[in-house]
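Structure record follows, encoded as structure tokens.
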2 protein chains.
Amino acid sequence: MFPPLRVEPTYRKLSLAIETRILERTLRDGEPLPTEAELSTQFGVHRSTVREALRELESVGLVTRRRGTKRLVVTRPGAARIADTVGRALSLEDVTVLEVWESLHLVAPAAAANGARRRTAADLAAIEAAYHRFTDDSADTNRALIHMLAFFRAVTRTSGNRVLMLTLEPLLKLMEPTLAQMVAGVPQARTRITTAQRRILEALTARDSEAARTWMSRYLRDFRRGYELANISLDQRVAWRSSTR
Amino acid sequence: MFPPLRVEPTYRKLSLAIETRILERTLRDGEPLPTEAELSTQFGVHRSTVREALRELESVGLVTRRRGTKRLVVTRPGAARIADTVGRALSLEDVTVLEVWESLHLVAPAAAANGARRRTAADLAAIEAAYHRFTDDSADTNRALIHMLAFFRAVTRTSGNRVLMLTLEPLLKLMEPTLAQMVAGVPQARTRITTAQRRILEALTARDSEAARTWMSRYLRDFRRGYELANISLDQRVAWRSSTR
DNA sequence: CAAGGCGCTATCGTCCGACAATCCGTCTGA
DNA sequence: TCAGACGGATTGTCGGACGATAGCGCCTTG
């Protein structure tokens with residue numbers, strides 16, 4: 001009895017070979033990939049085959065083309081790409097706003113609580129910057145939203161945990177549309193957001209872990225209230241628009 | 001002053017067009033994609049170009065080929081694929097075992113606490129099954145590990161939150177190697193795991209949210225102790241082996 | 001000597017066409 | 001009715017071609 005042997009097409013073997021090199025750091029971040037022609041001779045396959053392999057690597061973000069450039073360079077799939085991938089998957093699963101909100105409500109307060117202990121002065125400065133950008137420039141909903149997300153990111157960064165940062169990213173992206181609706185539709189939202197952010201900032205400054213957790217939690221609960229006020233159903237599926245990247 | 005206009009290559013436009021159809025459910029899960037030739041005539045481009053687009057879709061898991069079959073079918077990128085993508089990204093960021101552990105320690109207890117309220121009888125049965133499989137079949141480290149992961153998944157499923165489930169997946173995958181090391185290296189690990197799992201199961205049965213959280217938390221803290229006993233540094237980078245899928 | 005313009009070459013994007021392997025549906029014969 | 005043979009359809013890979021343009025060195029000009 002033999003195990004079912006898998007024959008993988010050449011393009012997959014190629015992309016795997018290159019991926020391996022990247023993962024083992026033989027090909028390093030920022031380094032340009034060899035030419036298609038070169039790869040094709042090195043591997044002894046046709047250029048079309050190489051190109052198919054490259055498309056695979058490109059679409060998972062292991063190689064990218066800098067704007068207006070020809071050569072592919074090795075990259076690490078950044079937060080944006082992950083958010084894209086995960087977001088798309090979640091939206092295809094018909095995940096609801098509630099589920100995303102719950103997850104955010106789980107991650108962010110914990111991150112804040114952690115961060116209260118570890119936060120550095122630089123972290124604090126970043127949060128403060130985001131906070132002020134929000135207070136100073138929140139007339140336009142879109143800009144307000146950008147600053148809100150920045151605040152979340154800055155707070156989460158204090159946790160010093162890159163896994164959390166990465167986890168957060170798709171959540172924010174998925175919340176974005178409804179959040180925008182909410183901010184646009186609820187007059188008092190901006191004030192409440194400002195208050196909550198200030199409290200969180202204060203808690204982090206004071207290294208008060210519990211206060212940080214609590215205020216972040218309240219902040220998010222406020223979102224929920226905002227949703228109700230703006231008549232946004234939490235049971236609706238998350239929106240998703242394919243980003244061109 | 002004009003915005004910098006992006007010209008996207010044809011293969012990207014193609015893959016985006018198809019992706020859009022999938023996301024808007026015009027092409028549904030399980031449905032076979034048109035033939036390469038057909039796509040090529042429909043879009044009015046050469047088959048090579050179509051193939052490059054297909055590779056993109058394939059590598060993000062929006063289309064897959066069932067084993068031993070030729071035609072591509074539309075699929076949703078499942079948990080495994082997401083775990084793969086996120087895991088790879090995290091490992092490229094040189095994330096440490098500690099960070100992953102922390103994240104797990106954040107997600108799982110919360111999921112358990114949530115689950116204690118929502119869990120159904122079926123959920124419970126699934127957990128119990130995983131629990132018994134572990135007690136009955138944990139001699140081999142690998143099998144023990146599989147059952148442990150199944151337990152985590154079953155518990156997290158009780159939360160009824162697919163975002164959490166998806167979030168959990170890469171964490172488990174990243175923990176796997178060190179976890180195996182730990183289970184193999186610490187004699188008393190199996191007993192302690194059994195105990196913790198039983199307590200968690202009991203808490204969920206009793207719908208005791210706080211007990212569920214606490215025991216899941218202890219369970220994970222035990223992992224940490226186990227790591228120390230097995231002399232596994234939490235500061236080491238997570239391991240990653242490219243899975244062929 | 002520095003900055004900007006010019007042209008060449010390498011490289012990418014796309015196409016045409018071909019052919020073997022093999023999957024799939026159909027037809028045949030027992 | 002079912003196993004197996006058969007042929008068409010589809011994918012994987014290849015060889016080659018050609019236009020567009022990014023990259024780079026060279027040259028001019030101030």
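Letters go in sequence order (proteins before strands), and every chain restarts at 1.
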Item to check | Sidechain N-carboxylate O distance under 4.0 Å for B:Asp94, A:Arg25 | outcome: yes
Checklist outcome for this item: Atom CD of B:Glu36 and atom C1' of D:dA9 are separated, to the nearest Å, by 12 Å
Item to check | Salt bridge A:Arg55-A:Glu58, side-chain N to carboxylate O under 4.0 Å | outcome: yes
Next on the checklist: Nearest to the side chain of B:Ser48, heavy atoms from C-beta on, is which of C:dC16, D:dG23, D:dG16?
Outcome noted: C:dC16
Checklist entry - If you look at every strand shown and take non-hydrogen atoms under 4.0 Å, does B:Arg66 touch a base, only sugar-phosphate, or nothing? => result nothing
Checklist entry - B:Arg65 CZ to D:dT11 P: how many Å, rounded? => result 8 Å
Checklist outcome for this item: Atom CZ of B:Arg12 and atom C1' of C:dG13 are separated, to the nearest Å, by 13 Å
Checklist entry - Side-chain donor or acceptor of A:Arg47 under 3.5 Å from a matching atom on the base of C:dG13? => result yes
Next on the checklist: Counting only side-chain nitrogens and oxygens, does B:Arg55 get under 4.0 Å of the OP1 or OP2 atom of D:dT13?
Outcome noted: no
Item to check | Separation of C:dT14 C1' from B:Arg51 CZ (nearest whole Å) | outcome: 15 Å
Item to check | Protein-nucleotide distance (A:Glu8, atom CD; D:dT13, atom P), rounded to Å | outcome: 11 Å
Checklist outcome for this item: A:Glu102 meets the salt bridge (Lys or Arg N to Asp or Glu O under 4.0 Å) criterion, sequence neighbours left out, with B:Arg118
Checklist entry - C:dG13 phosphate, OP1 or OP2: any side-chain N/O from B:Thr10 under 4.0 angstrom? => result no
Checklist entry - Which whole-number value in Å describes the distance from B:Glu56 CD to C:dG13 C1'? => result 13 Å
Checklist entry - What is the distance, rounded to the nearest whole Å, between atom CG of A:Leu39 and atom C1' of C:dC12? => result 13 Å
Checklist entry - How long is the line joining NE2 of A:His46 and C1' of D:dG16, in whole Å? => result 7 Å
Item to check | Residue pairs passing the ring pair (Phe, Tyr, Trp, His ring centres under 6.0 Å) test where at least one lies in residues 136-176 of chain A, sequence neighbours excluded | outcome: A:Phe152-A:Tyr219
Next on the checklist: With a cut-off of less than 4.0 Å, is there a side-chain N or O of B:Thr35 near OP1 or OP2 of D:dA9?
Outcome noted: no
Checklist entry - B:Tyr11 side chain N/O closer than 4.0 Å to the phosphate oxygens (OP1, OP2) of C:dG13? => result yes
Checklist entry - Less than 3.5 Å between a donor and an acceptor, one on the side chain of B:Lys70 and one on the base of D:dT11, is that the case here? => result no
Checklist entry - So, is A:Thr49 near the phosphate of D:dC14, with a side-chain N or O under 4.0 Å from OP1 or OP2? => result yes
Checklist entry - Are A:Leu168 and A:Leu104 side-chain neighbours, meaning at least one heavy-atom pair lies under 4.5 Å? => result yes
